[in-house]
Engineer: 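Would you mind keeping the following structure in view while I ask a few things?
The sequence lines fix the lettering, A, B, ..., with proteins before strands; numbering per chain opens at 1. Remember, predicted model here, so these are calculated numbers, not experimental data.
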Protein chains: 2
Amino acid sequence: MTGMANTGKIHCDWQEGALGSPCNACQVRGLTICAPLTHDDLQHMVSIVSERSLEPGDTLFSEGDPADHLFNITAGTMMVYRLLADGRRQVTGFLFPGDFLGLGSDKIYRYSAEALTPATLCRFKRPALQEALQKFPAMEQRLFGMASNELAAAQDQMVLLGRKTAQEKLASFLLMLSKRAERRGQKPTPIPLAMNRSEIGDYLGLTIETTSRVFTKMKQSGVIALLPSSHIDIRDFDALEEMAEQG
Amino acid sequence: MTGMANTGKIHCDWQEGALGSPCNACQVRGLTICAPLTHDDLQHMVSIVSERSLEPGDTLFSEGDPADHLFNITAGTMMVYRLLADGRRQVTGFLFPGDFLGLGSDKIYRYSAEALTPATLCRFKRPALQEALQKFPAMEQRLFGMASNELAAAQDQMVLLGRKTAQEKLASFLLMLSKRAERRGQKPTPIPLAMNRSEIGDYLGLTIETTSRVFTKMKQSGVIALLPSSHIDIRDFDALEEMAEQG
DNA sequence: CGGTAACTTGATGTTGGTCAACCTAGGTGG
DNA sequence: CCACCTAGGTTGACCAACATCAAGTTACCG
């Protein structure tokens, strides 16, 4: 369910890179496709990039839109999802700073992308990026590596969706968030939860109620604690890993 | 469930390409990463490839093995899967001639690969292929395109696993097989089913019994017919598409 | 200090899982 | 060539996990 009306105020505020675009000052470059670029290479990127900010709930693009652009997230949390004809939703991923957005699309986007928090992203026109990839083989390799990681993550998610119980799903999810936060240089706990129960449920193949009940049970067993403003504190990593029943 | 003992007779019969390797005569080149190569380029591929045949049930590699090689399937059907600690299995894909095998692996394979039918494949050492990809940018682009498709397919599968009913799952599965057969130049029906109920169930996140029941119901409703030697005849594509409830 | 959206909790329902028996087809050996 | 054996498949009875439906409750925000 949870079709989730898109109020999408598209106050188009793309900024040409040339203006103030500070690729050199980019705080998350080490996480993005730009990681392997030299100072000089970056000048070229500045010339083909534009920036955008999104507010929570803003839709970046929708399933079926022409896929003219590719993105790199520089701040905030995004969600990508697909809808069935009757409105059932499957969230196929949550994206964080550094993550690349737009892979797996051909002429049109095959999924929708929406901001969960205030977010900023770098936008590249497809042909311009293609050209840059030719120019900078290291960036191409970097992107290929990121695509490979995404493929591996997708397989993990298939195992989760197809074969794990509700409790195993939520445990795996929380550990994944924690590990990804760590990879971005943050602490593994507490985890700021940018997504609500409905979005988590639609990611894990559960209903909102089941998701809530499993949270409650984990809280009661002392494995996690729910802190104010949607932060989750992992109190017992070992127990959580046990619960996740990783392959 | 269905741990599926690997009897794996590994009668190591890799053949160096130089010997008889007929890349020029390759029947499925148009489907593989070699599709965009010229006659001359192929000579280089011949020098880095080796071939292998597998019998049904043979394991090509297992989760955790060092990922030294990448593969392109030239004949037969392969299955890739992951296991949870307690033996639950998730089949993450079925692979057919032309399909590339080994993406999403880093130092070690993150899944196991097994032949469902007699199969043959081309094997490339990772560094040699890497080098060839540099040499032939068209092949690199081709591979990137294949990886993108795989990512899109993985997202489809997440929708299926997370949000579809048993009937919708099986309908989607049969249509997928039919479309892929067609893309390989075969007829869309009847479909030769290389996989058994257990493997289908583990792909769709169902048990063998549920899978069988849904087959029976579809047969009774006249949408499909079960032909001898595990062939499925799709009698009503429209009804099947209706059942699949595509997004 | 309301008002609302998100979340939680409880009662009940349904889909698909589990357990168990049985059937069928293909392969083997007598 | 046929009887048997076995793996795969089907079917039935029952069960459990999760979904659904329906109230509450909490927390954030103007």
Engineer: Under 4.0 Å between any heavy atoms, over every strand shown, what does A:Leu226 touch: base, sugar-phosphate, or nothing? Just pick one.
Structural biologist: sugar-phosphate
Engineer: Under 3.5 Å, is there a donor on one side chain and an acceptor on the other for B:Thr74 and B:Thr120?
Structural biologist: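 Indeed, the side chains of B:Thr74 and B:Thr120 share at least one donor-acceptor pair under 3.5 Å.
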Engineer: For B:Thr210 and B:Thr207, indicate whether the former's side chain and the latter's backbone hold a donor-acceptor pair under 3.5 Å.
Structural biologist: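 It does not hold such a pair.
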Engineer: Under 4.0 Å between a side-chain nitrogen and a carboxylate oxygen: does that hold for A:Arg82 and A:Glu63?
Structural biologist: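 Yes, this pair counts.
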Engineer: Five pairs at each end of the helix from C:dC1-D:dG30 to C:dG30-D:dC1: take the axis at both ends and give me the angle between them to 10°.
Structural biologist: 30°
Engineer: Using a 3.5 Å distance criterion without hydrogens, assess whether the side chain of A:Asn72 forms a donor-acceptor pair with backbone atoms of A:Asp99.
Structural biologist: yes
Engineer: Send over the distance from A:Arg89 CZ to D:dA19 C1', rounded to a whole Å.
Structural biologist: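 Computing the A:Arg89:CZ to D:dA19:C1' distance gives 17 Å.
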Engineer: Can you name the nearest heavy-atom pair linking B:Leu60 to B:Arg52, along with the distance?
Structural biologist: CD1-NH1, 4.1 Å
Engineer: Any donor and acceptor pair, going by atom type alone, linking the side chain of A:Asn196 with main-chain N or O of A:Ser198 inside 3.5 Å?
Structural biologist: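 Indeed, once roles are kept as given, a pair shorter than 3.5 Å links the two residues.
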Engineer: Counting N and O atoms only, with roles assigned by atom type, does the side chain of A:Thr117 sit under 3.5 Å from a partner on the main chain of A:Thr77, one being a donor and the other an acceptor?
Structural biologist: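 Yes; judged by distance alone, with no hydrogens or angles, the pair exists.
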Engineer: For DNA chain C, determine which residues of residues 207-222 of chain A have any heavy atom closer than 4.0 angstrom to one of its atoms, and list them numerically.
Structural biologist: A:Glu209, A:Ser212, A:Arg213, A:Thr216
Engineer: Is A:Arg88 salt-bridged to A:Asp202, going by a charged N under 4.0 Å from an acidic O?
Structural biologist: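 Not counted as a salt bridge, because no side-chain N and carboxylate O are separated by less than 4.0 Å.
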Engineer: Between protein and nucleotides 24-30 of chain D, what N or O pairs are separated by less than 3.5 Å?
Structural biologist:
none

Engineer: Do B:Thr59 and B:Ser62 have a side chain donor and acceptor closer than 3.5 Å?
Structural biologist: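 No, because no side-chain N or O of B:Thr59 sits under 3.5 Å from a partner of the opposite role on B:Ser62.
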Engineer: Using atom CG of B:Asn196 as one end and atom P of C:dG26 as the other, report the distance to the nearest whole Å.
Structural biologist: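 Atom-to-atom, B:Asn196 to C:dG26, this comes out as 15 Å.
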Engineer: By the 4.0 Å heavy-atom rule, please label A:Gly201 as base, sugar-phosphate, or nothing.
Structural biologist: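 Since no nucleic acid heavy atom lies under 4.0 Å of A:Gly201, the category is nothing.
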Engineer: Ignoring the backbone of B:Leu206, work out which of D:dT10, D:dC18, C:dG16 is nearest its side chain.
Structural biologist: C:dG16
Engineer: Quick check for you: to the nearest 0.5 Å, what is the distance between B:Met176 atom CE and B:Tyr203 atom OH?
Structural biologist: 3.5 Å
